[in-house]
Asker: 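Okay, handing you the structure first.
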Amino acid sequence: MDKDGLIINLEEISFGYPDRPPVLDKLNLQFCRGDRMGLMGPNGSGKTTLFHIIMGLIKHSSGRIEIFGRHVKEEKDFRSVRQRIGLLFQDADDQLFSPTVLEDVAFGPLNLGKSQDEAKAIARKTLASLGLAGFEDRITYKLSGGEKRLVSLATVLAMEPEVLLLDEPSTGLDETTEKSIIDILRGLDLSYILVSHNIDFLVETTHHVGYMANGKVSVDPESIPHTHVHTHKHGKYVHEHGRKTPNDKA
Amino acid sequence: MDKDGLIINLEEISFGYPDRPPVLDKLNLQFCRGDRMGLMGPNGSGKTTLFHIIMGLIKHSSGRIEIFGRHVKEEKDFRSVRQRIGLLFQDADDQLFSPTVLEDVAFGPLNLGKSQDEAKAIARKTLASLGLAGFEDRITYKLSGGEKRLVSLATVLAMEPEVLLLDEPSTGLDETTEKSIIDILRGLDLSYILVSHNIDFLVETTHHVGYMANGKVSVDPESIPHTHVHTHKHGKYVHEHGRKTPNDKA
Amino acid sequence: MIGNEVATGDSLIHSLDPRVKIVAVCLFSIVVAVSHRFVVLMSAMGLGLSIILLAGVPMRQLVRRLIPVNTFILLLWIFLPFSFEGEPLFSLGPLVGVREGVLYAARISIKSNAIVVVLIALVASTSILTLGHAMHELKAPKKIVHLFFFTCRYVDVIHREYVRLANAVKVRGFRPGTNMHTYKTLAYLVGMLLVRSSDRAQRVNNAMLCRGFRGNLYSLSTFSLKAADVASLILMLALMLALGVLEWTKMA
Amino acid sequence: MHISEGVLSPSVLVAGAALTTAGVAVGLKRLDHEEIPSAGILSAAFFVASLVHVPAGPASVHLVMNGLLGLILGWKAFPAILVGLGLQALLFQFGGLTTLGVNTLNMALPAVICYYLFGWGAKAGTRQHVLTITAFACGSCAVLFSGVMVGFSLYLTGEAFLPAAKLVVAAHLPVMFIEGGLTAACAFFLRRVRPELLEGQYVPKSASQF
Ligand SMILES: Nc1ncnc2c1ncn2[C@@H]1O[C@H](COP(=O)(O)OP(=O)(O)OP(=O)(O)O)[C@@H](O)[C@H]1O
Ligand SMILES: Nc1ncnc2c1ncn2[C@@H]1O[C@H](COP(=O)(O)OP(=O)(O)OP(=O)(O)O)[C@@H](O)[C@H]1O
Ligand SMILES: [Mg+2]
Ligand SMILES: [Mg+2]
């Protein structure tokens, strides 16, 4: 890996919530500029925790974090990290707190020191780029699930980050919204790590996939493509995966 | 369908939240005794809303509901429905509101007019039957996610309902807990309708699956089992479904 | 939050009936709060310390829990010694510390600490929900007891929601300061919290309706008095009576 | 500002406890059994809000928000605040048991007074700026009254407390503006997102809502 392009470098990170078995156990992860990485792993394997550690929302108990070539440790080191790395939370409801969409999207730029007018202009532009023009005065709390996701993405993109951490951006969305998220992600000129349980989605949006289990991330670029065949009977129904439904086939 | 076994009969039910497009649009649904039905559908398609309408927590705007052969309409009609149909809520934190597990499970029987001692006995029995003996004095808010789910199920079963409506009983659970929920559901001598996004889970727990979209439920018992073969290339990765991961294969 | 406050241990104090403990603590607090004589206050302090020793409360916890009351007391020490007329004791610049003032402040300090020490012995040896149940058994109004339970139950859930919202503003570069932007943002967070809580209240109501709720809330708690409980209660009553007599004889 | 145990004179403690009992009784009377869960969850929300640090110059203050609580709960603020302060006394030893009456009175009475003085501004149909001004007044006056009442409780205990009482009131003055501003912004938020909460219908009537 090109040492110069290395933007996130986690070395032997360990972490556990109080009174629980460790969630991360000497985890190593290298992430380079221009990379688009998928991350899978069972529920509770610590994917969300990993993202929160990178953003400094949770303090790891041991190990070393280097971001953009600088060792980050304290809250103030993470402040500048948060301006350059954007995190899309797993639950969009946690991300939107302002009454209107425009205020929410303008919030980040305001924190970066932009004036009210600049911030609003940035917010409008970002919304428009995601096909959300006209949403400015909608009440965030009353948006549909898919709209909340897209607006959350807008709030993150409005800060013009260099890297995105996307925590299950597609869960719970219908196919149309999922499709539009795929298109948006492909159109972005950004590096990102994307958590999803849906490999179809990862296939479409990332270059390679890491797998998280037992507190570690394993990236295995040598696995070989192959074909798999499966049949399951379920009464009269066939076992089908993902979003496909009996009706699609009938 | 055996008219005698018909326990839930929804005819042309329509409903919409204020200032929103309709969620249910002339929905028809028949559900018979002994049946175990799965229900899938994209987010926001109205699955939770449908359950709430059956329980009389939301009033439908038009259509006719017949439950256990009786036309139900008013709040007081639904009171007796709620004794015979148990609803497991999507969020277990909403369902467990008492300080301790025993109190929570005994709450239903007490409301049904049981004495304190009878209610406690029923609660103990129900907990034991779900493998939760010893949980009586645990504090509800300190339970883990999986334990909360199981206790929620106990609170519903303690009312000895004839039918269960289960709203995503497996989301957010790890495989072990999911497995134990599957075993419990299979062991129950009850009819139920079960909402889940996870077809593997539905395959294991239900006889057939309905699909909810555009405000309607379509049940298609005539779909034919078949085999599907697929190959996708993804860089060097193979497309894999469900829980399987690159590492399993590597 | 509430979850962190664990009442583990197996001292005599832990095993006492919570109703006895509540009655004893209330009695103690009232008697001490109305007492004046140093003898009485010192005895009360001694009693309080023996109780807390008996309860085996860890030193660190004790000190941590004593901080809030003593910050308030400290504030009073800044003023009280100088606000009396009487025999001068010391002087700080133009300010003259007066004997009566110092005694008054000292009295308050002992009183407060004695009462709080006993309160700590209570809460460190009894879980908060047990206290709720005991209040029910002691015939506190049912509505208050249930209000108490619901508040306890959902404080943690809502606190977690608050932490998630606070994290969301943090990752978007928010740094609190003394300015309108900060106040507006915090107001929005509180507003969001209230909106979510009212939504949750609606869902909880629905869940309760589904279980046949018609306005009756029940409590299944049962406590039974043991010999040790009765003995402790009598001992406490006797001690309080003794303190009362001590205080009263001075008046006479 | 919670007054600690052992500071106040017996007569002040008794008067506070008696008035609080009366207020709580009125509040409980207006609180239907069915509303207890909602009131409990909302008071949990206020409990959490009261832990929020707000920077004020070099120091930081905790939110009080009793004005907003009054707007939303009316007389029910009495039992809600009693429970909240009781929990704070038990969990963190803020305040205490014998002072629970006085402390509850000092926070709840201003909440109820402000509800009657300014509650009309939050009702449906008022103009935006009317809401903002009344909410600001409600939030700041509630805190000011609380400060004055705390100072008064101290003063009634003894003349010697006068300087401390003055300091307490003075310390509430900057907080007053912060609270007013936050209450106004919060009311603005609620008006846009969930107006029912402000309109005195805080209890969701789930079954009869539609
Ligand atoms: N605040 C917390 N306190 C205690 N335990 C927690 C907390 N947050 C998460 N956990 C636990 O830590 C583990 C890892 O959680 P995390 O949310 O990181 O998993 P995840 O991989 O993101 O799962 P999912 O796919 O469900 O989102 C889980 O077992 C979870 O229960
Ligand atoms: N209280 C409410 N007020 C207004 N709209 C609502 C309310 N509850 C749900 N909705 C909307 O109604 C639609 C159906 O919601 P519902 O919760 O029934 O969907 P669902 O199929 O259960 O989705 P999920 O799979 O996410 O649980 C959604 O668009 C939702 O935003
Ligand atoms: Mg996660
Ligand atoms: Mg749902």
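In what follows, chains carry the letters A, B, and so on, assigned in the order in which the sequence lines appear, proteins first and then strands, with residues in each chain numbered from 1. Every heavy atom of this structure was used, including side-chain atoms; hydrogens, water molecules and symmetry mates were not.
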Asker: Provide the closest heavy-atom pair for C:G177 versus D:P55 in the form atom of the first, atom of the second, distance.
Answerer: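 Looking at all heavy atoms of both residues, the shortest contact is O-CG, 3.3 Å.
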Asker: Working to the nearest 0.5 angstrom, can you tell me the gap between C:F213 CZ and D:E34 CD?
Answerer: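 Nearest 0.5 Å value for the CZ-CD distance: 6.0 Å.
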Asker: Less than 4.5 Å to any heavy atom of chain C: does that hold for the side chain of D:V54, its backbone, both, or neither?
Answerer: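 For D:V54, the contact with chain C is made by backbone and side chain together.
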Asker: Any chance you could measure C:N205, atom CG, to D:E35, atom CD, to the nearest 0.5 Å?
Answerer: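 Nearest 0.5 Å value for the CG-CD distance: 9.5 Å.
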Asker: Tell me, for C:R214 versus chain D, whether the close heavy atoms (under 4.5 Å) come from the side chain, the backbone, both or neither.
Answerer: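 The backbone, not the side chain.
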Asker: Would you mind checking which part of C:L131 comes under 4.5 Å of any heavy atom in chain D, side chain (CB onward), backbone (N, CA, C, O), both or neither?
Answerer: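 The answer is the side chain of C:L131.
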Asker: What part of C:V157 is in contact with chain D, defined as an atom under 4.5 angstrom from a non-hydrogen atom: side chain, backbone, both or neither?
Answerer: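 Contact with chain D: none, neither part.
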Asker: Return the orientation label for the D:F161 and C:Y104 ring planes: parallel under 30°, perpendicular over 60°, tilted otherwise.
Answerer: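 D:F161 vs C:Y104 ring planes: perpendicular.
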Asker: So, do C:K143 and D:I36 sit near enough that their side-chain heavy atoms are less than 4.5 Å apart?
Answerer: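 Touching, per the 4.5 Å side-chain cut-off.
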Asker: Return the OG to CD1 distance between C:S197 and D:I41, rounded to the nearest 0.5 Å.
Answerer: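 These two atoms lie 7.5 Å from each other.
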Asker: What's the shortest heavy-atom distance between C:S112 and D:V7, and which atoms?
Answerer: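 Reported closest heavy-atom pair: OG-CG2, 4.3 Å.
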Asker: Nearest heavy-atom pair of D:A45 and C:I158: which atoms, and what distance?
Answerer: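 Closest approach of D:A45 to C:I158: N-CD1, 3.8 Å.
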Asker: Would you check if C:V195 and D:F189 make a side-chain contact, meaning some heavy-atom pair closer than 4.5 Å?
Answerer: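 Result yes, sub-4.5 Å side-chain heavy-atom pair found.
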Asker: Taking side chain as C-beta onward, heavy atoms only, is D:L87 less than 4.5 Å from C:I128?
Answerer: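 They are in contact (side-chain heavy atoms under 4.5 Å apart), so the answer is yes.
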Asker: Tell me, side chain or backbone of D:A80 under 4.5 Å from chain C's heavy atoms, or both, or neither?
Answerer: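 Only the backbone of D:A80 comes within 4.5 Å of chain C.
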Asker: Tell me, side chain or backbone of C:L75 under 4.5 Å from chain D's heavy atoms, or both, or neither?
Answerer: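 It is the side chain, since no backbone atom gets that close.
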Asker: For atom CZ of D:F152, decide whether the heavy atoms of other residues, nucleotides or ligands shown that lie under 6.0 angstrom number more than 12.
Answerer: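 Counting other residues, nucleotides and ligands, CZ of D:F152 stays at 12 neighbours or fewer.
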Asker: More than 12 heavy atoms of other residues, nucleotides or ligands under 6.0 Å from CZ of D:F177: is that the case?
Answerer: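 Check fails, neighbour count at 12 or below.
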Asker: Enter the distance from D:H53:NE2 to C:L186:CG here, rounded to the nearest 0.5 Å.
Answerer: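 Nearest 0.5 Å value for the NE2-CG distance: 11.0 Å.
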Asker: With side chains defined as the heavy atoms from C-beta onward, is the minimum distance between C:Y154 and D:F47 less than 4.5 Å?
Answerer: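 Answer no - side chains too far apart.
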Asker: Regarding C:T151 and D:S43, is there a side-chain donor-to-acceptor distance under 3.5 Å anywhere?
Answerer: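 Yes, because at least one side-chain N or O of C:T151 sits under 3.5 Å from a partner of the opposite role on D:S43.
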Asker: Above 12 or not: heavy atoms from other molecules or residues under 6.0 Å from CZ of C:F79?
Answerer: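 Atom CZ in C:F79 is packed in, count exceeds 12.
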Asker: Can you tell me if D:S38 uses its side chain to pair, donor with acceptor, with the backbone of C:A201 under 3.5 Å?
Answerer: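 Here the side-chain-to-backbone pair does not exist.
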Asker: Answer whether the closest heavy-atom distance between the side chains of C:F72 and D:F94 falls below 4.5 Å.
Answerer: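 Not in contact.
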Asker: With respect to chain C, which residue among D:A49, D:G86, D:S9, D:P37 yields the maximal number of heavy-atom pairs within a distance under 4.5 Å?
Answerer: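 Ranked by contacts with chain C, first place is D:P37.
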Asker: Pick whichever of D:L28, D:V24, D:T183, D:L162 has the most heavy-atom pairs under 4.5 Å with chain C.
Answerer: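 If we count pairs closer than 4.5 Å to chain C, D:L28 comes out on top.
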Asker: Can you tell me which portion of C:L76 sits under 4.5 Å from chain D's heavy atoms? Options are side chain, backbone, both or neither.
Answerer: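 It is the side chain, since no backbone atom gets that close.
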Asker: Given the options C:V204, C:L80, C:T182, C:I73, which has more heavy-atom pairs under 4.5 Å with chain D than any of the others?
Answerer: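 The residue among C:V204, C:L80, C:T182, C:I73 with the greatest pair count is C:L80.
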Asker: As an exercise: rank D:P10, D:G96, D:G181, D:A160 by heavy-atom pairs under 4.5 Å with chain C and give me the winner.
Answerer: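 The answer is D:A160.
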Asker: For C:S29, is it the side chain, the backbone, both or neither that has a heavy atom under 4.5 Å from a heavy atom of chain D?
Answerer: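 Looking at C:S29, backbone and side chain both touch chain D.
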Asker: With the side chain counted from C-beta on, respond yes when D:V52 and C:L189 share a heavy-atom pair under 4.5 Å apart, and no when they do not.
Answerer: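 Contact flag for D:V52/C:L189 side chains = no.
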Asker: So which of C:R200, C:M208, C:M192, C:R203 has the biggest tally of heavy-atom pairs under 4.5 Å with chain D?
Answerer: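 Looking at each of C:R200, C:M208, C:M192, C:R203 in turn, C:M192 comes out on top.
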Asker: At a heavy-atom separation under 4.5 Å, does C:M180 approach chain D through its side chain, its backbone, both, or neither?
Answerer: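 The answer is neither part of C:M180.
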Asker: Go through the atoms of C:I115 and report whether side chain, backbone, both or neither lie under 4.5 Å from a heavy atom of chain D.
Answerer: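 Side chain only.
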Asker: With the side chain counted from C-beta on, respond yes when D:R194 and C:D199 share a heavy-atom pair under 4.5 Å apart, and no when they do not.
Answerer: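 Yes, at least one pair of side-chain atoms sits under 4.5 Å.
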Asker: Which answer fits C:F148, side chain, backbone, both or neither, if we ask what part of it has an atom under 4.5 Å from a heavy atom of chain D?
Answerer: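 Looking at C:F148, backbone and side chain both touch chain D.
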Asker: Ignoring hydrogens, what is the shortest heavy-atom contact between C:V190 and D:C186? Give both atom names and the distance.
Answerer: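 For C:V190 and D:C186, the tightest heavy-atom pair comes out as CG1-SG, 3.9 Å.
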Asker: Checking heavy atoms, do the side chain of C:Y183, its backbone, both or neither come under 4.5 Å from chain D?
Answerer: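 Its backbone and side chain both get close to chain D.
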Asker: With side chain to side chain contact (heavy atoms under 4.5 Å, CB included) as the test, pick out the partner of D:Q93 among C:I67, C:V116, C:L66.
Answerer: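 Of C:I67, C:V116, C:L66, side chain to side chain contact (heavy atoms under 4.5 Å, CB included) with D:Q93 is met by C:V116 alone.
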Asker: Determine the option with the most heavy-atom pairs under 4.5 angstrom with chain C, choosing from D:A187, D:G84, D:P79, D:G95.
Answerer: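 The option with the most such pairs is D:P79.
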Asker: Do the side chains of D:L13 and C:I30 get nearer than 4.5 Å, heavy atoms only?
Answerer: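 Contact flag for C:I30/D:L13 side chains = no.
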Asker: Tell me, yes or no, whether the heavy-atom count around C:E85 atom CD, taken from other residues, nucleotides or ligands under 6.0 Å, exceeds 12.
Answerer: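 Check fails, neighbour count at 12 or below.
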Asker: If you round to the nearest 0.5 Å, how far is CG of D:L51 from NE2 of C:H159?
Answerer: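 The NE2 atom of C:H159 sits 6.0 Å away from the CG atom of D:L51.
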Asker: To the nearest 0.5 Å, how far apart are CG in D:L97 and CG in C:L119?
Answerer: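 Between atom CG of D:L97 and atom CG of C:L119 there are 5.0 Å.
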Asker: Could you look at C:F149 and say if it's the side chain, the backbone, both or neither that has a heavy atom under 4.5 Å from chain D?
Answerer: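 Nothing of C:F149, per the 4.5 Å heavy-atom cut-off to chain D.
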